[in-house]
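Single-structure report; data block below.
Predicted, not measured: the structure shown is a model, and the values here were computed from it. Below, chain A is the first sequence line, B the second, and so on; all start at residue 1.
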Amino acid sequence: MTNVDAVDQLRASGVGHGDLVALAFAPGVGVAMATTGRSCSVPAAVADPVNVVRDVERELRPRWVMWSHATAVALVDDGVRVATAWDIAAVHRLIFGGGHADPARVWAQLHDLPLDALPNAGPPDLFTHAEYGDDDPDAPTRRDGYLGPDWIDGGWSKTLEHLARWAELAAIVAGYQQARLAGLADPQRAAMTARTESAAELLCAELSVDGLPVDRTVADALIAALVGPRPRNDADTVAQRARRDADVLRHAPPGVECDLRSPEQVKSLLRSVGVEVPDTRAWRLEKLRDMHPLVDALLTWRKAERVSTTYGYVWLDEHVRADGRLRGEWSGSDGAAGRMTASAGLHNMPADMRDAVVAEAGHVFVRADLGQIEPRVLAAVSGDAALALATLEDDLYAPVAQQLGVDRPTAKVAVLGAMYGQTTGHGARALRGLESAYPVAMTYLREADQAGQFRRELRTYGGRLIPMGSASTDDEMNERDARARAAARGRYGRNARIQGAAAELFKAWAVTVRARALPFDARIVLCLHDELLVQAPAGRGDDVAHLLDACLQEAAHRWAPDDRVRFVADISVIRRWSDAKE
DNA sequence: TGCGGCTATTG
DNA sequence: CACAATAGCCGCAG
């Protein structure tokens, strides 16, 4: 089988631009492709299997069905980047909620098979042997309908025949998923979300492989300023640590021992100098800084300790490679509401450390962040005409404040409180104002709250199921605990619907930028919930800046064709991440 | 060794 | 100090 054969066979079976072609890929073994319909299966083994993918992508540009974004990572590792995908794991998380989406689970849930009877991998015990001992070990499915665990474990990368079966299964599963999406409240929009989420997985694969440009020299200097020079050996590490501890403990009464890393002991330590606190959180101690020199020393110690344990030399060595790129694992929709997540500190890097994130030679960063994204999203998904009117302003809170007859900070706290589920405190009166000014939006939030409290099925605007957990522990709780939990679920549902919809819009924007930025040789290097960092050739900075705004308008229109809601982005062309004005 | 609690960082 | 996340260390149970 040659590359040309693969293209011809796919073309002959009617595959064109955007049609689904399932792909199974194992480095060193080969690549298999499959389409559904007339069960046309095209396995191919050549010297360099990714060339087949590259050729088919160029000639036919199908939508590649993959079991998970691990396939995309393997492709990107081998230098192949495809335009579009149908990521089975991502679509599964959309349809069924939650984070787990391995093939066994995906198959079972699509067939309405109970998950608690999911067969385990490993050597068969007496029971399973008696029950399924005469199942065909080479067939993927068992007589009870589940995927066979031994087939799954042994089947991924062993032989080309197995790869072909995986590709065929993927094509079938994608079809089942499309049928499920067609049964949701808004099938068109759910299918669009599935495509967007899949493209976001491709972006995640690229982010994982490409990494974020970091200037090691700057990073080293920043760390040195906070915790001192890089320790020469383990003994040096211990000595530096002891010295930092001693700087705090010298303020304690003589003879008082304390492990500063133990909150309970720190509380005792504080008590020994006359400072009584229920916990030792920084925001609480901040107000007591002047009460005793020990408090100030402790807060300084905490800062340095944080850097040395989490964002220090160890972190740099572990995640920044010789090419000056900080790499973490990216996930397109981990978490409750479907936000992107990243490891290696990419999403919670201390602001000071952003000085070290510098565009590479001959390049600039184009940074863009969405303004007031959550209230704008609320206006869009709820269809509240009055709130939509407020989004026409650059600062949405200004007209809201005017409407409510309160100052801007109060209006902001009230709106955020409504979305997070705060019902007490200073914003309570303004909250009632919101009810009468924006009843449609407030009803939308209240319905999400109720759904959460009563564990009713709840989906985001784009169709993602918001996982509610199980009710199994409810009876073990007393009345008050149960009510508190229900209230927490209410806040969770309320927020997940907004945060989740915001994540969907953000991803629609990001994948649009991914596609449109290619001709400019610009690449997204970081996604941060409402912020994009793009690296572009130095001469293209302004072009890409305009592109980012155009992509936002395009994505917003596609995501919510009701153009009454305005979305805005703050965009700047910079050399280092910290140069962006805030 | 695994897990909940506490703490800090980000959006 | 509501909502979400990652990540480290401590203390305790198994």
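When rounded to the nearest whole Å, the span between CG of A:Asp259 and C1' of B:dT7 equals 14 Å. For the pair A:Tyr311 OH and C:dT6 P, the interatomic distance rounds to 12 Å; values are reported in whole Å. A:Glu264 places its CD atom 15 Å from the C1' atom of B:dG4, with the value rounded to the nearest Å. Taking atom CD of residue A:Glu286 and atom P of nucleotide C:dC1, one finds them 17 Å apart after rounding to whole Å. For the pair A:Glu374 CD and B:dT10 C1', the computed distance is 14 Å after rounding to whole Å. Between A:Leu298 atom CG and B:dT7 atom P there is a gap of 11 Å when expressed in whole angstrom units. Taking atom NZ of A:Lys303 as the reference point, atom C1' of B:dT7 lies 13 Å away to the nearest angstrom. A:Gln499 has its CD atom 17 Å from the P atom of B:dT10, to the nearest Å.
In this structure, A:Met419 reaches neither bases nor backbone, as no heavy-atom distance under 4.0 Å exists between it and the strands shown. Residue contacts for A:Arg339: at a heavy-atom cut-off of 4.0 Å it reaches a base atom on one of the strands shown. Here A:Glu305 lies out of heavy-atom contact (under 4.0 Å) with every strand. A:Ala336 comes within 4.0 angstrom of sugar-phosphate atoms only, judged by non-hydrogen atoms across all strands, and of no base. Looking at heavy-atom distances under 4.0 Å, A:Ala496 makes no contact with the nucleic acid at all.
Applying the 4.0 Å criterion to OP1 and OP2 of C:dG11, one finds that A:Ser262 has a side-chain N or O inside that range. Residue A:Thr280 places at least one side-chain N or O closer than 4.0 Å to OP1 or OP2 of B:dT7. Checking the phosphate oxygens (OP1, OP2) of C:dG8, no side-chain nitrogen or oxygen of A:Arg302 falls inside 4.0 Å. A:Arg491 has no side-chain polar atom (N or O) that falls below the 4.0 Å cut-off from OP1 or OP2 of C:dA2. Close to C:dG11, at under 4.0 Å from its OP1 or OP2, lies a side-chain N or O of A:Gln265.
In this structure, of C:dC10, B:dT7, B:dT10, it is C:dC10 that holds the atom nearest to the side chain of A:Arg261. You'll find that the side chain of A:Asn495 is closest to C:dC3, out of C:dA5, B:dT7, C:dC3. Nearest to the side chain of A:Leu528, among C:dC3, B:dG11, B:dC6, sits B:dG11.
A cation-pi arrangement is absent between A:Arg497 and A:Tyr461, since the terminal nitrogen or guanidinium carbon is not both under 6.0 Å from the aromatic centre and inside a 45° cone about the axis.
Salt bridge annotation for A:Glu435-A:Arg446: present, with a cationic side-chain nitrogen under 4.0 angstrom from a carboxylate oxygen.
A donor and an acceptor atom sit less than 3.5 Å apart, one in the side chain of A:Arg306 and one in the base of B:dA8. The base of C:dT6 sits with one of its N or O atoms less than 3.5 Å from a complementary donor or acceptor on the side chain of A:Asn348.
In this structure, a donor-acceptor pair under 3.5 Å is absent between the side chains of A:Thr196 and A:Arg558.
Place A:Tyr492 and A:Arg241 on DNA chain C by their nearest nucleotides, and A:Tyr492 ends up nearer the 5' end. Taking for each of A:Trp283 and A:His529 the nucleotide of DNA chain C with the nearest heavy atom, the 5'-most of the two is the partner of A:Trp283.
With sequence neighbours excluded, the residues forming a salt bridge (charged side-chain N to carboxylate O under 4.0 Å, His left out) with A:Arg459 are A:Glu457, listed by chain and number.
Annotation: side-chain hydrogen bond (donor to acceptor under 3.5 Å, both in side chains) contacts involving residues 341-352 of chain A, sequence neighbours excluded, comprise A:Tyr311-A:Asn348.
Aromatic ring centres of A:Trp509 and A:Phe567: separated by at least 6.0 Å.
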